[in-house]
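Contents: one structure, followed by commentary.
When reading the values below, keep in mind they use all heavy atoms of this one structure, side chains included, and skip hydrogens, waters and symmetry mates.
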Amino acid sequence: MINFAALYTQSQMGIESILEIKVKEAVAELFSTELPQVEFQPTRKDFEGDVTVVVFPMLRYVKGNPAQIGEQIGEYLKEKVDEVSGFNVIKGFLNLVIGNQFYTNQFDEIASSENYGIASKLSNEAVMVEYSSPNTNKPLHLGHVRNNLLGYSVAEILKAAGKKVYKTQIINDRGIHICKSMLAWKRFGNQETPETSGLKGDKLVGNYYVAFDKAYKKQIEDLVTQGVDKKMAEKEAPILLEAQEMLQKWEAGDEEVVSLWKTMNSWVYEGFAETYKNMGVDFDTLYYESDTYLLGKDVVADGLTRGVFFKKEDGSVWIDLTDEGLDEKIVLRSDGTAVYMTQDIGTAIQRVKDYPDVGGMVYTVGNEQDYHFKVLFLILKKLGYSWSSNLFHLSYGMVDLPSGKMKSREGTVVDADDLMNEMAQTAGEIAEELGKLEDYSEEQKLGLYHMIGLGALKYYILKVDPKKRILFNPEESVDFQGNTGPFIQYTYARIQSILRKAEEIGASGEGAAKITDLHPKEKELIKQLMLYPETIQLAAENYSPALIANYTYDLVKEFNSFYQQVSILGESDENQRFFRIQLSRKVGEVIESAFKLLGIGVPDRM
RNA sequence: GGUCGCGUAGCUCAGCUGGAUAGAGCAUCUGCCUUCUAAGCAGACGGUCGAAGGUUCGAAUCCUUCCGCGAUCACCA
C-alpha cells in the first residue's frame, strides 16, 4: 500500500505519481492489461481541469475508442481517488479536476518551507564555473556582460540545485595584446595615470590599445605607399615588431617591461573591480594566465610517452582526433612553447589540484570556440582524467550590433559601464515621471534606479536562450514594460506594499486557519508555485537561466491577474484574507529567490 | 568545401524529451485609476512555425534533403 500522505509533500509530481498508479490500476481492472507508463500534461487553460491524462498512447495496449476509454478511466479515478473531484473527456484527452484540498495542502507545505525550492545541502563534489576571463588591454563591453551574467547566473542556479560551486575566471594578463597597450602608452602616454587623467584604469589602458592600432595602421599605410606588399607591411610594421620584442622581453623577465606590465595591469584590475561590483558579479578564486601559460607542457610530455600525442618531424606535438571525426590538433609548438590548448589542459588539471573536490567544470565562453572546447574535452578524456566526462562548454551566441560585430580596436563597442549607467538613467527618468518616490532620499533613489536599470538589462539578456545570438540595437532602448525585469520587480514591490499594509492593520496572515474555497486564480498561483523546484532543477540540467526568467514571468503574470481580480486586504472573511496575504508573501519570496538566481535585485517600492 | 549552431506574428522571444485551436511582450487599436502602486489588468488585430519530403493515430518539436544567416576548420587566443 502506498503512503499517499508522504507523496503529497513531493510537489506537483506527487499527484502525478498517485494518478499513475491509479490509472494503471484502472486499466488493469477495466481492460485486463498492464500499462508500462501513463502520459500526463497540465490541462490547457481553455478546458476545465488541472491534470490531463493522454489516452492515445494507451491505444497500443487497449483496443477501443479513446474517448470511451477516457470516460471509463475517468469514472474509475473519480470513484477511487479522493483528489479527483471531477473529469471530462475531449477527444483522447481525459481532463481531471483536482480538488481544492490538494492545493491548499500543497500551499501549506510551500508556505512552511524556508528557502522553498532551494537545495538546503550542497554536494560534496564541486563544480568550477569559469566566466568573464577578459583580456587586460581594454575595458569590458556588452559581449562580456552577456558572458558575466550567464556565468554568474548558472553558478547560482547550480548552487540552488544542490551543487557546490566555485566561481572562477582566468585573466588573460599577458601576451601581445597587453604589450601593444604598454608600447603605445610608453610612446604617447606622457606618463599619464588614472590619477592624473581621472580616467578609469581599464579605460585608460584601452585607449592606448586603440592608439596602438591607429599608429600600426598608419605605418602599414605608409609602407604600402612606399611600395611594400600589404601582407608584408602588416607583418613588418616597426611598431608591431617592437611590441613583439616587448613580449619577448616580458617572457625573459626584463625588469622594466615587467614593472610597466604590473603597473598597467593593476590599473585595469581596479577598473574591472568597479565594473564587476556595479554588475553584481563575483568570483571565489582567480587564475592569471601569466601563472598558467606555461602549465600543461609536462602533461603533454607525459601524454607523449603514453602515446596519447605524437611528434612530427619538426618537433611539434599533435593529437590525432580523426577517429572522433575531428582533425589533428597541435598541442605544443615546434620550438617547444605552449599554445592556447596546452595552457588550457594545464589549467584544468591545476584547478583540480588546487581544489581536489572539483569533479567537473563549466566554461562560459562564446560559441566561436565550440571547436576548441570539443577538442580540449576530448584530450582530457584521452589523458584519462575521471572528471573529463563532467566538463561543459556553456556556449553562447555573440552579441552583435546592427552594424555587425563589435570591435574594440575600431571603437565600435557598447561599453559595459556606459551601458549600465544609461540603463540606470533611463530607469530614473521613468521613475521621476511616475513620481511615486517623493519621500526617498537622493541616495535611495539612485540605488533604486541602478537596481531597476540593471534588472532591465540583465533580464533582457538572460531571458534569451544562451545559444541564440543577440542583436543589440543601442538606438532602441531596452524595454521597461511587458516581459521585462522591471515588470517583475514592480510586482514584487506591490506585494511588499500589501505586506506592509497588512502589518499595519495587524493582519500578517500568520496562524490562518485552513480555507476550503479557492478562487481559480489562487489555484493557478499555487500550481505555478509548485513548479518552482523542478524549474530550478531543469535550469541546472540545461545550464539555462532563461528557464528561470520565463518561469518568473509566468508566475508574475498570474499574480498580477489575481491582484486585479481578487481583493486581498479588502476581503471580509478573515481566513480568506489571511490566506491571500500568505499567498502573496510566498509569491514575493519566490520572485526574490528566482531573481537572485539571475543576479537581479528586487525593490520594496518603485 | 567539411563540421557545428540558428531560422516561429511587423519587431524581440517562449514552446522543441512528439499531443488538443502554436503562446507572450513590443508596436497598432478598444476598454479599466474617488477601491490593496496603471512600470498594471482585460480585450482586438496579427502565423504557409525557412522550404520540400519522410516516420507517426498525431510533427513547430524526430529523420532526410535543400535554402538563408552565423561561427569554425592557425605552430592566434
Sticking with atom [atom1], work out how far [N] lies from [M], rounded to a whole angstrom.
N	M	atom1	value
B:U56	B:C13	C1'	30 Å
B:A39	B:C26	C1'	14 Å
B:U17	B:C62	P	6 Å
B:A22	B:A44	P	15 Å
B:C16	B:C49	C1'	11 Å
B:A51	B:G68	P	15 Å
B:G31	B:G58	P	47 Å
B:A14	B:U8	C1'	10 Å

Atom [atom1] of [X] to atom [atom2] of [N]: distance rounded to whole Å?
X	N	atom1	atom2	result
A:Gln481	B:C11	CD	P	21 Å
A:Ile568	B:U35	CD1	P	16 Å
A:Asn483	B:G40	CG	P	11 Å
A:Gln565	B:U35	CD	P	19 Å

Side chains of A:Ile330 and A:Met341, heavy atoms from C-beta outward: is any pair under 4.5 Å?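 When only atoms from C-beta onward are counted, A:Met341 and A:Ile330 do not touch, as no gap falls below 4.5 Å.
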Reference residue A:Tyr396; test side-chain hydrogen bond (donor to acceptor under 3.5 Å, both in side chains); the match among A:Asp465, A:Asn367, A:Asn147: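 With A:Tyr396 as partner, A:Asp465, A:Asn367, A:Asn147 yield a single side-chain hydrogen bond (donor to acceptor under 3.5 Å, both in side chains), made by A:Asn147.
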Under the side chain to side chain contact (heavy atoms under 4.5 Å, CB included) criterion, do A:Val53 and A:Ile73 qualify, and how do the steps go? CA-CA 10 Å; A:Val53 179; A:Ile73 296 174; 5.7 Å; no
Worked verdict on A:Trp261 versus A:Tyr288 for ring-ring contact (aromatic ring centres under 6.0 Å, His included): CA-CA 13 Å; A:Trp261 171 77; A:Tyr288 294 88; 8.8 Å; no
Short N-O contact, A:Glu39 and A:Arg60, less than 4.0 angstrom: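 Answer for the salt bridge query: no.
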Is it true that A:Arg351 and A:Glu130 have a side-chain N and a carboxylate O under 4.0 angstrom from each other?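 Judged by the 4.0 Å cut-off on N to carboxylate O distance, A:Arg351 and A:Glu130 do form a salt bridge.
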Going by modelled atom types, is there a donor-acceptor pair between the base of B:A20 and the side chain of A:Asn95 at under 3.5 Å?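 Indeed, a donor on one side and an acceptor on the other fall under 3.5 Å apart.
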Tell me whether the side-chain N or O atoms of A:Ser561 pair up with the base of B:A42 as donor and acceptor below 3.5 Å, since no angle test is needed here.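 Absent.
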Symbol by symbol from the 5' end, with Watson-Crick or G-U pairs under 3.5 Å, [ ] crossing and | another strand, RNA chain B is (((((((..((((.....[...)))).(((((.......))))).....(((((..]....))))))))))))....
Options B:G19, B:A77, B:A20, nucleotide nearest the side-chain atoms of A:Thr43: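 Closest nucleotide to the A:Thr43 side chain: B:A20.
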Between B:A14, B:G40, B:C76, which nucleotide has the shortest distance from any of its atoms to the side chain of A:Asn560?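 Out of B:A14, B:G40, B:C76, the nucleotide with an atom closest to A:Asn560's side chain is B:G40.
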Taking OP1 and OP2 of [N], is either one under 4.0 Å from a side-chain nitrogen or oxygen of [X]?
X	N	answer
A:Arg500	B:C36	no
A:Lys467	B:C6	yes
A:Arg469	B:C6	no

Counterpart residues, salt bridge (Lys or Arg N to Asp or Glu O under 4.0 Å), relative to A:Glu324 (two or more places apart):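 In terms of salt bridge (Lys or Arg N to Asp or Glu O under 4.0 Å), with neighbours along the sequence ignored, A:Glu324 is linked to A:Lys382.
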For B:C33, glycosidic torsion class - syn if within 90° of 0, otherwise anti: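 That one's syn.
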